Amino acid sequence: MRFNRSGIFSRARAAGCLAVALALEACGGSREAAEDEILIAAIFDLTGPTADVGLDYADAVRGHVEWLNARGGIRGRPVRLIYQDYGYQVDRAEQLYTQFVQEGALIFMGWGTGDTEALRLKITEDRVPFASASLSHVLGNAEESPYNFLVATSYSDQFRIVLRWIAEDHRAKGGQENAQVAFMHSASPFGRSPWVQGGEDYASEIGVDVRPYEMPRGATDYTAEFSRISQSGATYVVFQNTSAPAAVALRNARGLGVDATFVCLNWCANALLMRLAEGAADGVIGAIPWTPLTDDVPGVRDIRAYLESRGEDYSEKTNAYTQGWWTLSVFVEGIGRVIDSGQELTGENIKRALETIEGLDTGGAGPPLTFTPSDHRGSKGLRLFRAEDGVWSPVTEVLTAPS
């Protein structure tokens, strides 16, 4: 099954089901797991404030399971996905996590920063390997979050890569003083994450002056924020938000004649931003850990073929689709290694198997991935892209975050 942009099941056989219903093979309740079945659980934001990018991520995870099962599952064992929309509500995430783990989920695909950070201790206690769409830096700390894995460059590393690029770009343009940066961020743990988890200190270290500006949830205009930004003298604006609010901000900025270089971290650097911004996104720099599907590299060709087989246009998908697909792919790799070793398929064994992944080739979809018992941040780098005429084109090779 898949959802269209309104969050409603798009196949006729799913008519009448609610987007928030627990989905198995169709719209039904729980059932007993087959003996050799591998149960995976997930929560998605399909109706909440981050649904603009959450829909593609969810569609990718569901699609990957369908794609896997069409090829025999994992080492011949079928995969069943149980999931529910949690509307970006922390308490709902905690409730669903407990429910799904009690049903026997071996791994868990999470979503938001606030809920994933709130669940860390419970995840460790239950020994359930957990990959979140959140890229909060602390979630890759194997000592503090031993069962969490980051399958993309953390927000903090993204921000530090961007700050270093800004410092270099500013000097290349003849800047003598510190570069002036406005950091516009979601009013949430997700939005604050890159600033409070290393970004502020790194900016001071390299001589970049950054001032944060909160983007109130649900705002339809950021004129007041840009008035203050213009007065500050900022010539760079970095967004840590999803596509819809960033697009509103870009339209405001262009309308006000704000003269700045705009940069999006990964959740707004995507195809949806360009559609919603209606031309105002041209020239935006994107920090993109998982490549857009329009970038023809080996690591996205299976995804493109899958979408084409369903009559879908891959160019309309955001790179959240690539991220969702590859996040599950990494956990499939860990599960496969446990099965190959002849060990029992448990959360603890999957965790240990994931920690043996070294230089996993992503076919150019992202940098090679490595996990160790002491470091669960699988990727330390990304490429910067530029939005031009509706396409994201790479402008750098892989840039690695400073250690």
Side-chain angles (χ1 to χ4, degrees), residues 49-50 53 88 110-117 120 132-141 144-145 148 150-169 179-217 225 229 234 236-243 245-246 249 260-270 273 284-290 319-320 323 366-367 375-385 396 399-403:
T50 62
V53 289
Y88 210 64
W111 178 251
T113 297
D115 38 277
T116 304
E117 290 183 352
R120 282 191 302 144
S132 178
S134 168
L135 303 176
S136 171
H137 199 71
V138 70
L139 298 176
N141 184 324
E144 295 185 28
S145 310
N148 289 84
L150 287 191
V151 189
T153 316
S154 76
Y155 298 140
S156 298
D157 282 348
Q158 290 181 39
F159 194 35
R160 294 193 300 160
I161 288 169
V162 164
L163 289 174
R164 185 174 60 191
W165 177 85
I166 286 173
E168 294 170 355
D169 186 66
Q180 302 295 308
V181 178
F183 176 57
M184 297 189 72
H185 64 88
S186 163
S188 65
F190 149 66
R192 293 183 289 271
S193 175
W195 177 247
V196 301
Q197 295 183 25
E200 182 177 11
D201 292 341
Y202 184 68
S204 298
E205 179 185 326
I206 64 172
V208 174
D209 296 337
V210 182
R211 186 172 300 177
Y213 296 84
E214 188 172 272
M215 301 173 75
R217 184 174 293 179
E225 286 80 3
I229 288 169
Y236 296 86
V237 178
V238 179
F239 294 109
Q240 168 70 343
N241 213 323
T242 60
S243 310
T261 298
F262 295 93
V263 183
C264 267
L265 302 188
N266 76 300
W267 285 115
C268 62
N270 53 45
L273 178 82
V284 171
I285 300 296
I288 303 181
W290 290 104
N319 30 304
Q323 184 170 331
D375 188 357
H376 288 180
R377 298 182 188 110
S379 170
K380 307 298 193 298
L382 50 74
R383 290 183 293 168
L384 297 182
F385 289 69
T396 71
L399 303 178
T400 303
S403 56

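Quantities reported herein were computed from a predicted structural model and do not represent experimental measurements.
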Under 3.5 Å: donor-acceptor pair, side chain of [X], backbone of [Y]:
X      : Y      : value
Asn270 : Ala320 : no
Trp290 : Asn266 : no
Gln240 : Phe183 : no
Glu144 : Val138 : no
Arg377 : His137 : yes
Ser134 : Gly114 : no
Thr153 : Gly381 : yes
Thr242 : Thr50  : no
Ser154 : Ser136 : no

**Prompt:** Do Ser188 and Ser186 have a side chain donor and acceptor closer than 3.5 Å?
**Reply:**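 Checked: Ser188/Ser186 side chains pair up, N/O donor to acceptor below 3.5 Å.
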Evaluate the side-chain proximity of [Y] to [X]: yes if any heavy-atom separation is below 4.5 Å, no if none is.
X      : Y      : answer
Leu265 : Val238 : yes
Met184 : Asn241 : no
Glu214 : Arg192 : yes
Tyr155 : Thr113 : yes

**Message:** What verdict does the side-chain contact (heavy atoms from CB on, under 4.5 Å) test give for Arg164 and Glu168, after you've listed the backbone C-alpha separation in whole Å, the side-chain angles of each residue and the deciding distance to 0.1 Å?
**Reply:** CA-CA 6 Å; Arg164 185 174 60 191; Glu168 294 170 355; 3.8 Å; yes
If every non-hydrogen atom of [X] is compared with every non-hydrogen atom of [Y], which pair is closest and at what distance?
X      : Y      : value
Gly286 : Ala269 : CA-CB, 3.6 Å
Leu382 : Pro289 : CB-CA, 3.9 Å
Met215 : Ala249 : CE-CB, 4.0 Å
Ala246 : Cys268 : CB-CB, 3.7 Å
Ile166 : Ala179 : CG2-CB, 3.9 Å

**Request:** Mind telling me whether Trp165 and Tyr236 have parallel, tilted or perpendicular rings, with 30° and 60° as the class edges?
**Result:**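 Tyr236 vs Trp165 ring planes: perpendicular.
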**Asked** So, do Tyr202 and Phe159 have ring centers that fall under 6.0 Å from each other?
**Response**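 Not under 6.0 Å, so no.
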Could you grab the distance from atom [atom1] of [X] to atom [atom2] of [Y], nearest 0.5 Å is fine?
X      : Y      : atom1 : atom2 : value
Asp375 : Asn141 : CG    : CG    : 8.5 Å
Thr396 : Arg383 : OG1   : CZ    : 7.5 Å
Ile288 : Leu384 : CD1   : CG    : 8.5 Å
Asp169 : Thr261 : CG    : OG1   : 6.0 Å
Leu399 : Arg160 : CG    : CZ    : 13.0 Å
His185 : Ser193 : NE2   : OG    : 11.5 Å

**Request:** Could you walk me through whether Arg120 and Leu139 pass side-chain contact (heavy atoms from CB on, under 4.5 Å), step by step?
**Result:** CA-CA 8 Å; Arg120 282 191 302 144; Leu139 298 176; 3.5 Å; yes
**Request:** Check step by step if side-chain contact (heavy atoms from CB on, under 4.5 Å) holds for Gln323 and Trp267.
**Result:** CA-CA 10 Å; Gln323 184 170 331; Trp267 285 115; 3.5 Å; yes
**For Ala182, side-chain contact (heavy atoms from CB on, under 4.5 Å) partners two or more places apart** =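 In terms of side-chain contact (heavy atoms from CB on, under 4.5 Å), with neighbours along the sequence ignored, Ala182 is linked to Tyr213, Ile229, Ala234, Val237.
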